Visitor: 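Here's a structure for you.
Ligands are counted one by one from 1 in listed order, and the atoms in each one are counted from 1 as well. In this text, all values refer to a predicted model and were calculated from it rather than measured experimentally.
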Amino acid sequence: MSLRKDFLWGGAIAANQAEGAYQEDGKGLALVDILPAGGDQRWDALAHPEKALKTTYDHYPSHEAIDFYHSYKEDIKWFAEMGFKVFRTSISWPRIFPKGDELEPNEAGLKFYDDLFDECLKYGIEPLVTINHFDTPLYLATEYGGWRNRKLIEFYERYARVVLERYKDKVKYWLTFNEINMVLHIPFFGGGLMFEAGENEDQVKFQAAHHQLVASSLATKAAKEINGENFKVGCMLAAGDVYPYSCHPDDMMKAIEANRNQYFFIDVQSQGEYPSYTKRMFEDLDVKIEMEQGDEEILKQYPVDFISFSYYSSRLTSADPNRYKDETSGNAFESLKNPHLEASEWGWQIDPVGLRVTMNNLYDRYKKPLFIVENGLGAVDKLENDTVEDDYRIEYMRDHLEQMIEAVNDGVDLLGYTSWGCIDLVSAGTGEMKKRYGFIYVDRDNEGKGSGKRYKKKSFDWYKKVIETNGEQL
Ligand code: BG6
């Protein structure tokens, strides 16, 4: 067993799924603020945001969320009690630039994060900050067309420079975009994209991706100018290797292509250039990336320092179209059902060994330190006698941590692990509160009702022990 002594154990949340206070202290609307709760309704709104914009829903879960904006002191105290070394959260872009295209930031928004990071540091908890986690200001989507518009690079760079400068003495670890590959799968979340009938959606998505990749490198450039090597900047991938369904060579080739579809982003962010396979990939999709002079240099000069990723599941593909009758979905990604795996209540397939596979492949490919910044089980919890007996969550995490340690023993350099939703929060995919990930239960339901009171689950003490023993006792 060989986790580094300074291994960063902790938990992760995102502003848009936890803070609430959606219009407080000058905050503008984020993309997520127009989305309702509930599986089908939410997915429909994500697929057709132009319709969602004109619809009035009964309940918008992000408006209050778990009210972390007001409860952060209490919540961080719980994290400190568990022994967190690191806490991952995001800065809400529309708290800092309410519409996104202003020249001057909103001081009240900046002040909130000063207080939040100070509170973490008070307990020796290192903040790990995502600059953009699914909450591009809504105005940039409705007025500018989201990330399809090159102007967003400028707005994002201004925003990134402001927060990097402001928190340079408080935050060391930065992530430029949460799950940057999500722009291909949930383009509204990932890029504030809405489509016109008949347009080549792949063209729009990959052009938006190019803008984000350039923006990400510009943020890294800003980070290095502001604080040199004291800042560590990472990319963030929704990871999970794609397996071939069978040993048929066509299935193998299909899996290589599917993996490239996600690794493409990190290939650029880590290696600083578009990989050679993109030429054919773009030709097949009839995509032509418009680049401006200087884009390639920026990508080349400012690659990321480390590779972070979320891992919930492996995926499965086949070249045989008949196999697709048995499709299953997990976290917005198409995947066949793997007969060797069980699935969560939301159909996400559970594959701890897949974490080891993914880590080994990422490390072989990039040879840069890795950071697992999301992993966990979304489940229905039952609060009884002021606690939740969540043995299923402990089992899920134990199995994944065992494989994580195996990967480290395989030679992977791993900086840390932050479990997703360390305190219950609103699900990104379904908008439900019922899909809980936390060690801390929050009394709030799918309709936003409940006292908001926090309770320790059984997994709370378990994770505390894991941290205390640096993973020796799982
Ligand atoms: C990741 C996101 O895709 O998965 C998180 O970065 C999200 O924002 C997490 O919450 C789990 O997904 P869900 O749909 O269960 O909330």
Visitor: Judged by modelled atom types alone, do Tyr311 and His400 share a side-chain donor-acceptor pair under 3.5 Å?
Guide: no
Visitor: Is there a donor-acceptor pair closer than 3.5 Å between any side-chain N or O of Asp67 and the backbone N or O of Glu64?
Guide: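 Absent.
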Visitor: With a cut-off of 4.0 Å, which atoms of ligand 1 are near a heavy atom of Gly429?
Guide: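 Result: 13 (P), 14 (O), 16 (O).
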Visitor: For ligand 1, which atoms have a heavy atom of Lys435 less than 4.0 angstrom away?
Guide: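 So the answer, numbered in order with elements, is 13 (P), 14 (O), 15 (O).
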Visitor: Under 3.5 Å, N or O to N or O, is Val426 touching ligand 1 that way?
Guide: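 No, since none of the N or O atoms of Val426 sits under 3.5 Å from an N or O of ligand 1.
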Visitor: Identify each donor-acceptor pair in which a side-chain atom of residues 237-245 lies under 3.5 Å from a protein atom, sequence neighbours left out, and give them as a table.
Guide:
unit_1 : atom_1 : unit_2 : atom_2 : d
Asp241 : OD1    : Tyr263 : OH     : 2.6
Asp241 : OD2    : Asn361 : ND2    : 2.6
Tyr243 : OH     : Asp351 : OD2    : 2.6

Visitor: Can you spot which of Phe79, Phe7, Trp78, Tyr123 makes a ring-ring contact (aromatic ring centres under 6.0 Å, His included) with Phe84?
Guide: Phe79
Visitor: Can you check which of Trp348, Tyr312, Trp420 brings a heavy atom nearest to atom 12 (O) of ligand 1?
Guide: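 The residue whose heavy atom sits nearest atom 12 (O) of ligand 1 is Trp348.
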Visitor: Should Ala428 be counted as touching ligand 1, given the test is an N or O pair under 3.5 Å?
Guide: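 Yes, Ala428 has an N/O under 3.5 Å of an N/O on ligand 1.
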Visitor: Using a 4.0 Å cutoff against the non-hydrogen atoms of Tyr437, which atoms of ligand 1 qualify?
Guide: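 What qualifies from ligand 1 is 11 (C), 12 (O), 13 (P), 15 (O).
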Visitor: Please name the pair of heavy atoms, one in Leu425 and one in Ile66, separated by the smallest distance, quoted to 0.1 Å.
Guide: CA-CG2, 4.0 Å
Visitor: For Gln349 and Ser313, which I'm curious about, is there any donor-acceptor pair between the side chains at under 3.5 Å?
Guide: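 Not at all, the side chains of Gln349 and Ser313 share no donor-acceptor pair under 3.5 Å.
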Visitor: Of all the heavy atoms in Trp346, does at least one lie under 4.0 Å from an atom in ligand 1?
Guide: no
Visitor: Counting both backbone and side chain atoms, is some N or O of Glu374 under 3.5 Å from an N or O of ligand 1?
Guide: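 Between Glu374 and ligand 1, an N or O pair is found under 3.5 Å apart.
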Visitor: Could you list the atoms of ligand 1 found under 4.0 angstrom from a heavy atom of His133?
Guide: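 Listed by number with element, the hits are 5 (C), 6 (O), 8 (O).
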Visitor: For Phe112, which of Tyr167, Tyr69, Phe68, Phe117 qualifies under ring-ring contact (aromatic ring centres under 6.0 Å, His included)?
Guide: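 Of the listed residues Tyr167, Tyr69, Phe68, Phe117, the ring-ring contact (aromatic ring centres under 6.0 Å, His included) partner of Phe112 is Tyr69.
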Visitor: Please answer whether the main-chain N or O of Ala428 pairs with a side-chain N or O of Arg42 as donor and acceptor at a distance below 3.5 Å.
Guide: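 At least one qualifying donor-acceptor pair exists.
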Visitor: Backbone, side chain, both or neither: what part of Phe134 comes under 4.0 angstrom of ligand 1, heavy atoms only?
Guide: side chain
Visitor: Under 4.0 Å from a heavy atom of Ser427: give me the atoms of ligand 1 that qualify, with their elements.
Guide: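 Selected atoms, number and element: 13 (P), 14 (O), 15 (O), 16 (O).
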